Trainee: 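Below you'll find the structure I mean.
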Amino acid sequence: MAQRTRRPLIGVTAGTRTMMSGAWAGHEAVVVTEHYVRALREAGARPVVIAPQDEWSEEEVAELDGLVLTGGTDLDPAAWGEGALPTDMTPDPQRDAFETALYRAARAAGVPVLGICRGLQIIVIAEGGALHRHLPEDVPAHPRTGEAPTRVAVDIEAASDLGLALGTRAEVTAFHHQGIRDVAGDLRIVARHASGLPLAVEAATGSSVVGVQWHPEIAGTGGEAVFESLLTAIRHREVSERTRSLV
Ligand SMILES: N[C@@H](CCC(=O)NCCCC(=O)O)C(=O)O
């Protein structure tokens with residue numbers, strides 16, 4: 001086993017899917033694409049998959065160095081006071097509640113958070129915001145990104161962690177049919193598409209929170225800098241905690 005220093009421990013959330021074949025057909029499986037694990041490993045981190053069937057205490061979340069909220073199905077619109085629509089993907093309220101609790105515990109503990117696609121939407125709703133339910137109807141000027149992974153251009157605030165990581169304009173891979181309608185709480189919009197649709201948020205104060213509507217974990221899409229930015233936030237936290245303990 002290679003001798004190495006302790007890599008930052010980053011929790012990676014997951015969804016569930018029913019096994020379709022084999023001895024365990026009909027049983028639930030924990031699912032996360034390997035892209036997230038590979039992207040974190042290549043950034044020098046130690047990814048640990050967090051099963052949505054589990055329950056983590058605030059103390060256990062505080063043991064993490066970072067948290068990545070991953071992509072997946074639509075959120076339950078009841079969370080922001082709306083009803084079901086025919087365009088909705090089947091929500092997973094248990095996963096919604098679990099990831100929202102993880103996010104809140106991470107924020108309380110000062111653990112840096114990166115939200116990707118659905119993960120960004122979990123952050124927006126947890127902070128009191130709301131989502132467009134079906135972009136082809138709600139923002140017709142926005143490219144159709146719900147049918148297949150699609151390359152789109154995004155304009156990024158220079159004075160933001162994402163701006164430092166990616167510059168003020170980037171081409172990214174998007175795969176979503178819902179999007180940010182309103183942000184609230186401690187979030188600020190730091191990136192938009194030319195259609196006007198917000199595509200990324202960051203926390204205005206406190207520990208690092210970055211949420212992107214696109215998929216930086218997909219290899220060859222230029223997303224590495226987003227994961228390096230998470231690792232930088234983790235290092236900054238370690239240094240500030242070490243400095244605080246010396247005072
Ligand atoms: N359902 C929401 C979020 C879309 C999303 O997270 N897509 C990625 C799915 C693949 C993965 O698991 O990463 C929407 O459509 O807006």
Side-chain angles (χ1 to χ4, degrees), residues 10-18 28-40 47 49-52 67-80 82 84-100 102-103 113-127 129-152 154 172-183 189 191-193 195-201 210-221 223 226-227 230:
I10 300 186
V12 179
T13 65
T16 55
R17 206 156 289 164
T18 306
E28 289 298 292
V30 174
V31 176
V32 63
T33 64
E34 62 83 24
H35 299 299
Y36 297 99
V37 174
R38 180 196 38 72
L40 285 165
V49 175
I50 304 176
L67 175 67
V68 174
L69 301 169
T70 60
T73 194
D74 293 354
L75 276 59
D76 183 348
W80 62 102
E82 293 183 10
L85 291 177
T87 49
D88 289 351
M89 296 167 71
T90 310
D92 181 347
Q94 184 215 356
R95 183 182 175 186
D96 296 357
F98 182 62
E99 289 179 345
T100 302
L102 285 177
Y103 169 70
V113 177
L114 170 61
I116 294 176
C117 207
R118 169 198 154 91
L120 153 85
Q121 296 170 355
I122 285 277
I123 293 169
V124 167
I125 298 303
E127 294 282 351
L131 300 179
H132 287 298
R133 302 293 298 284
H134 194 50
L135 294 171
E137 291 161 14
D138 303 345
V139 188
H142 194 71
R144 292 291 180 101
T145 53
E147 282 116 33
T150 308
R151 296 291 277 173
V152 297
V154 56
V172 298
T173 297
F175 184 28
H176 60 106
H177 81 107
Q178 300 191 326
I180 300 173
R181 190 180 75 207
D182 311 313
V183 296
I189 293 167
R192 287 181 188 273
H193 184 269
S195 67
L197 183 72
L199 290 180
V201 297
V210 173
V212 295
Q213 188 65 76
W214 62 87
H215 286 272
E217 79 281 5
I218 307 291
T221 65
V226 174
F227 290 93
L230 174 64

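Counting starts at 1 for both ligands and their atoms, following the listed order. Given the structure is predicted, the values throughout are model-derived calculations rather than measurements. Numbering starts at 1 and runs along the sequence shown.
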Trainee: Of the protein's non-hydrogen atoms, which lies at the shortest distance from atom 7 (N) of ligand 1, and what is that distance?
Mentor: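 Of every protein heavy atom, F175 O, 3.1 Å lies nearest to atom 7 (N) of ligand 1.
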Trainee: Using heavy-atom distances, let me know which of V31, L69, D74 sits nearest atom 2 (C) of ligand 1.
Mentor: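 The nearest heavy atom belongs to D74.
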Trainee: Would you mind checking which non-hydrogen protein atom is closest to atom 4 (C) of ligand 1, with the distance to 0.1 Å?
Mentor: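 For atom 4 (C) of ligand 1, the nearest protein heavy atom is C117 SG, 3.3 Å.
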Trainee: Tell me whether S195 contacts the main-chain N or O of A141 through its side chain, where contact means a donor paired with an acceptor under 3.5 Å.
Mentor: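 No: the side chain of S195 does not pair with the backbone of A141.
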Trainee: Show me which atoms of ligand 1 lie under 4.0 Å from any heavy atom of M89.
Mentor: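 Within the 4.0 Å cut-off of M89, ligand 1 contributes 1 (N).
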Trainee: Between R38 and E217 (side chain of the first, backbone of the second, donor and acceptor by atom type, cut-off under 3.5 Å), is there such a pair?
Mentor: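 Flag set: sc R38 to bb E217 pair under 3.5 Å.
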Trainee: Please state which protein non-hydrogen atom is closest to atom 11 (C) of ligand 1 and give its distance, to 0.1 Å?
Mentor: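 Of every protein heavy atom, G71 C, 3.7 Å lies nearest to atom 11 (C) of ligand 1.
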Trainee: If you count the atoms of ligand 1 from 1 in the order shown, which ones are under 4.0 Å from a heavy atom of H215?
Mentor: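 Selected atoms, number and element: 7 (N), 8 (C), 13 (O).
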Trainee: With heavy atoms of Q178 as the reference, note each atom of ligand 1 found under 4.0 Å away.
Mentor: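 What qualifies from ligand 1 is 14 (C), 15 (O), 16 (O).
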Trainee: Of H177, Q213, R118, E217, which has the heavy atom at the shortest distance from atom 14 (C) of ligand 1?
Mentor: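 Residue with the shortest heavy-atom distance to the ligand atom: H177.
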Trainee: Say whether Q178 and H176, considering side chains only, have a donor N or O and an acceptor N or O under 3.5 Å apart.
Mentor: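 Result is no, nothing qualifies.
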Trainee: So does V172 get a backbone contact from the side chain of T221, meaning a donor-acceptor N/O pair under 3.5 Å?
Mentor: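 Not confirmed, T221 side chain does not pair with V172 backbone.
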Trainee: Could you tell me whether Y36 approaches ligand 1 through its side chain, its backbone, both or neither, with non-hydrogen atoms closer than 4.0 Å?
Mentor: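 The side chain, only.
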Trainee: Considering only heavy atoms, does T33 approach ligand 1 within less than 4.0 Å through its side chain, its backbone, both, or neither?
Mentor: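 Neither; no heavy atom under 4.0 Å.
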Trainee: How far is atom 3 (C) of ligand 1 from its nearest protein heavy atom, and which residue and atom name does that atom have?
Mentor: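 Heavy-atom neighbour on the protein nearest atom 3 (C) of ligand 1: G72 O, 3.3 Å.
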Trainee: Would R133 and D74 count as a side chain to side chain contact (heavy atoms under 4.5 Å, CB included) if you check the C-alpha gap in whole Å, the side-chain angles of each, and the deciding distance to 0.1 Å?
Mentor: CA-CA 9 Å; R133 302 293 298 284; D74 293 354; over 6 Å; no
Trainee: E82 vs L131, test: side chain to side chain contact (heavy atoms under 4.5 Å, CB included). Steps then yes/no.
Mentor: CA-CA 10 Å; E82 293 183 10; L131 300 179; over 6 Å; no
Trainee: How long is the gap from OG1 on T70 to CG on L120, to the nearest 0.5 Å?
Mentor: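 Spacing of OG1 (T70) from CG (L120) equals 12.5 Å.
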Trainee: May I ask you to decide if the ring planes of H193 and H142 are parallel, tilted or perpendicular, using 30° and 60° as cut-offs?
Mentor: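 Geometry flag for H142 against H193: perpendicular rings.
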